[in-house]
Amino acid sequence: MTVQTERPRLERYDPASIEPRWQRTWDKAGLYRTDLHDKDRPRFYLLTMYPYPSGDIHIGHWYIITPTDAIARFHRMHGENVFLPIGFDAFGLPAENAAIKNNINPRDWTMSNIDNMRRQLRTMGATFDWEAEVVTADPGYYRWNQWFFLQFLKAGLAYRQTSPVDWCPNDGTLAREQVEGADRHCWRCGAKVEKRDLAQWYLKVTRYADELLDFSGLIWPEPIKAQQTNWIGRSEGGEIVFETASSEHHAGGAELRVFTTRPDTLFGATFMVLAPEHPLVAELTAPDRKAEVDAYVAQAAIRTEIDRLSTDRDKTGVALGADAINPVNGERIPIFVADYVLGGYGTGAIMAVPAHDERDYAFAEKYGLPIRRVVAAPGDEERELESAYLAHAAGERLVNSGSYTGLGAGEGGAAIVGALEAQGKGRTAVTYRLRDWLISRQRYWGTPIPVIYCERDGIVPVPDEDLPVRLPDTVDYRGSGENPLARDETFLNVSCPQCGGPARRETDTMDTFIDSSWYWYRYLSPEKAGSPIDRALVDTWTPVDQYTGGAEHAVMHLLYAREWTKMMRDVGLVDQDEPFKRLFNQGQILGLDGERMSKSRGNTVDPDDLVARYGADTVRLFLMFMGPWDQGGPWSPTGIGGVHRFLNRVWTIVLDASGREPGDPESGTLPAGVDEAAARLQLRQAAHRTLKGVTADYEAFHFNTMIAKLMELANVLMRFRGSSVAGSPEWDEAVRLSLLMLAPAAPHITEELWSRRQSAAGAAPSSIHTETWPAVDEAATVEATREVPVQVNGKVRDRIVVASDVSAEDLERAALASEKVQALLAGRVPLKVIQAGGGRLVNIVVLDAG
RNA sequence: GCCGAAGUGGCGGAAUGGCAGACGCGGCGGUCUCAAACACCGCUGAGGGCAACCUCGUAUGGGUUCGAAUCCCAUCUUCGGCACCA
């Protein structure tokens, strides 16, 4: 019969009983309400991209938000006044489509989703200031979209224009990003997207093209800057004026302007091409060519953009039966219309230089047009071209170029443009790929554009006092490709604010990217009447110190937000050029199918089950531990148990220092050869080295290695648990530091253990989250001795233990004295001995005897 | 085609000029238990050797260096973005 020594069983770590309790406590105490008027502490505006209220918070949201929350908590522990708001990007197509499908109002659908998501967001234990919440579908928010629009209209930054837009036969106008895939289909119904000519509202963002290329002062990821730079697409070159030649049917002398990045190749222009939309096409077409040209232009208009733009497609085009005169040599060259030239870029017309442009080459080959080489590397002048020569070779020169022959390409181009400029026939020019922002949408669930069309007065802005133009709730929003608001007579018909006569409202709504172009300013004063922003708060709190969100918004939201800030600046609303000082893009969690997680794909992972099983702290920690935050990757819950075990160990270490491990015979004893004093020193060194590393990792958002370091420290503590060291001051400090370091990442368990420690010590209760981040004792991170690897010819052959403050001479002597080194040297004399990193490593170099 | 990111054990990943594989998962062995679960301990890149150890090894091929996963050149692969932008 065995006698069992009964110890009270350690209470199990049970997140379900801890987490909701602390969430309620924090909430009640208002721990995370930010006093925006506090002038004493340094301010830190931390912004994370607000979610679209699709209905459920999935694991992807957690991946974005919980590390951001850890950053907020880390900064608070440094005494900063942190503002971390949240809101909902509540307008947009999915609400409208879901509403149509389920036959409910988009507003009801959206608002009930928001209620649900608010509840789910709280289970993360995130420190959002809910008082600052913004919901963009609220009239109190979108009225300011309208107000901004009217300001921009007044300032000439908004204008209306008829132009071809992407149009889905089922869903109407689509945003650029809602057209997917190489075949340009509608993201929702898969139908092929067409072009339609519609009168649309635009914001004049191209005005900022150059300014947008300037990222100085912004701490943004390089890939995002590169993507925006590409999107803006600045190219430098020249604009050259060709005149049309006179003929039987045409008087001649009309100006045809072309943009080219290669003015040096002007002598190689053997024909010209106009885009089908070019205004001079009809005028220049010879009567006998008219039928064919008209047919071609008509066909080009109905063709989808991708068909036109596909590089695989054969070049097509027809001759107009008219000629242009090359301004540099007076040569007559034929004019074609072809859809490989785009109406919306440059001047919509090109000089074609087949010898030095692939597209022109293909066209010239097909239609038997002359190909004249005007740039050649030395010795290549007479060689026949088999394809367009684009490369820039050393020593290449202009050939067949009149008086410019012999010049280098760069200087030749400049000389040609300079000569033309003197005659008023050319100039240096810059063109951008960036277009003005088309903001009109033929959808219901968005901000009504606040203008009125009067038969007498034309376009009349809605007066300020009549804002907001409310979105009617009762509209038949079911999609039929037609504009829903146009079907609502009471919305549609108004009297003109100027003349009182009959007038109609604009029935388009705004692109929902407008909502997200200024929401962080509104967070500072969500209820403010009379102005969209509180100027004093905006001036003190913005630009945003740190923005976190997905890289998928690189050229949409993040570019719009910059443009909008510049427009606000130009109408005198803010005194800043850029909205976000520092940007971090976290990666994306993909579904098990490797695809982006989204409700419409049905591959979302619900965190609720994981939270129920492991608790929010484990889920938070696991998401941070998976890998580098900016990397993302496919979701797999494998391994979450390891993180949970870590928290269990922390629980055990804090609450039961003197316990023994049931399965470990060594438990409770110090390792062989280590006395208590040495063990206590080791513990203190481990704790402070961890603190140093963890602090740096938080600052760099390296959460995965931060957690790894905490695990290592916990493993050290676990080894000493139950030993004579366990109750020592060093043990106590290591435990205390562990909790403080873990607090931003796992707020609930650390709060619980902190409060238990305090009550055990008889201290007054206070939150760990109001504690100050501990300071590293640098002296404690230095060990008395260290191990130095010794290499012979770059291969590690031995490790020697030396005093930390060993001199270089002594270290070299010790390294050479190593038996293994001596054996390898076999009597040879070292050529040199290198010490790296201040004696962190020794490399002994000898001649290899072979 | 152009721009960008990345290739390291069975897996997620660590190390950004100085001990490759920290930390964790999985696997194997063990302790605890009547048993299971939980928990804990040990081992775990490949090949060789009884062993101390040795050899190889960070997509591929070259280079720079006393020393390269890390820097340079070329190539291959994967992912993201753009795509007839003159």
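Residue numbering restarts at 1 for every chain, and letters A, B, ... go by the order of the sequence lines. As a basis for the values below, the full set of heavy atoms in this structure was taken, side chains included, without hydrogen atoms, waters or symmetry mates. Please read all numbers here as calculations on a predicted model, not as lab measurements.
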So, the side chain of [X] versus the backbone of [Y]: is there a donor-acceptor pair under 3.5 Å, distance only?
X	Y	value
A:Asn793	A:Val846	yes
A:Gln835	A:Ala808	yes
A:Arg234	A:Val430	no
A:Asn843	A:Gly794	yes

Next item on the list: Among A:Tyr63, A:Phe625, A:Trp629, find the residue that satisfies the ring-ring contact (aromatic ring centres under 6.0 Å, His included) test when tested with A:Phe703.
Entry: A:Trp629
Using the [atom1] atom in both, what is the distance from [N] to [M], to the nearest Å?
N	M	atom1	result
B:rU58	B:rG21	P	14 Å
B:rA39	B:rG49	C1'	38 Å
B:rA5	B:rG57	C1'	26 Å
B:rG61	B:rC54	C1'	27 Å
B:rC11	B:rG47	P	15 Å
B:rC72	B:rU16	C1'	15 Å

Next item on the list: List in numerical order all residues of residues 644-654 of chain A for which some heavy atom is under 4.0 Å away from an atom belonging to RNA chain B.
Entry: A:Arg645, A:Arg649
Report yes or no: do [X] and [Y] form a side-chain donor-acceptor pair below 3.5 Å?
X	Y	value
A:His356	A:Thr265	no
A:Ser235	A:Tyr345	yes
A:Thr652	A:Tyr13	no

Next item on the list: Indicate whether OP1 or OP2 belonging to B:rA86 is found under 4.0 Å from a side-chain N or O atom of A:Tyr340.
Entry: no
Considering only [options], which nucleotide approaches the side chain of [X] most closely?
X	options	value
A:Ser235	B:rC66, B:rG24, B:rA86	B:rA86
A:Arg433	B:rA86, B:rC82, B:rG24	B:rC82
A:Arg12	B:rG24, B:rG18, B:rC38	B:rC38
A:Lys832	B:rC66, B:rC25, B:rC84	B:rC66

Checklist line | Atom of A:Gly268, atom of A:Pro354 and distance for their closest heavy-atom approach | finding: O-CD, 3.9 Å
Next item on the list: Give one of base, sugar-phosphate or nothing for A:Lys709, where a contact means two heavy atoms less than 4.0 Å apart.
Entry: nothing
Check: So what does A:Arg719 hit on the nucleic acid, given a heavy-atom distance under 4.0 Å: a base, only sugar-phosphate, or nothing?
Finding: nothing
Notebook entry, point to check: Can you find an N or O donor on one side and an acceptor on the other, under 3.5 Å apart, linking the side chain of A:Lys315 with the base of B:rC84?
Noted result: yes
Checklist line | Residues forming a ring-ring contact (aromatic ring centres under 6.0 Å, His included) with A:Trp220, sequence neighbours excluded | finding: none
Note to self: For B:rG49, does the O4'-C1'-N9-C4 or O4'-C1'-N1-C2 angle fall within 90° of 0, making it syn, or is it anti?
What the structure shows: anti
Quick one: which protein N/O atoms are closer than 3.5 Å to N/O atoms of nucleotides 11-15 of chain B? Pair and distance per line, please.
from: B:rG12; atom 1: O2'; to: A:Met626; atom 2: O; distance (Å): 2.5
from: B:rG13; atom 1: OP1; to: A:Gln631; atom 2: NE2; distance (Å): 2.4
from: B:rG13; atom 1: O3'; to: A:Asn704; atom 2: ND2; distance (Å): 3.4
from: B:rA14; atom 1: OP1; to: A:Asn704; atom 2: ND2; distance (Å): 2.9

Check: Sequence neighbours excluded, which residues qualify as side-chain contact (heavy atoms from CB on, under 4.5 Å) partners of A:Ala349?
Finding: A:Val258, A:Leu274, A:His278, A:Thr347
Check: When Watson-Crick pairs (N1 to N3 and N6-O4 or O6-N4) and G-U wobble pairs (N1-O2 and O6-N3) count only below 3.5 Å on both distances, what is the dot-bracket string of RNA chain B, with | for other-strand pairs?
Finding: (((((((..(((.....[....)))((((((.......))))))((((....))))..(((((..]....))))))))))))....
Note to self: For the residue pair A:Arg373 and A:Tyr389, would you count it as a cation-pi contact if the rule is NZ or CZ under 6.0 angstrom from the ring centre and within 45 degrees of the ring axis?
What the structure shows: yes
Next item on the list: Is it possible for you to check whether A:Lys315 lies under 6.0 Å from the centre of the six-membered ring of A:Tyr340, through NZ or CZ, and within 45° of that ring's axis?
Entry: yes
Show me the protein contacts with nucleotides 3-9 of chain B, counting only N or O atoms at under 3.5 Å.
from: B:rC3; atom 1: O2'; to: A:Asn230; atom 2: ND2; distance (Å): 2.9

Item checked: A:Ile416, A:Val375, A:Asn326, A:Val353 screened by side-chain contact (heavy atoms from CB on, under 4.5 Å) with A:Phe267, the one that passes -> A:Ile416
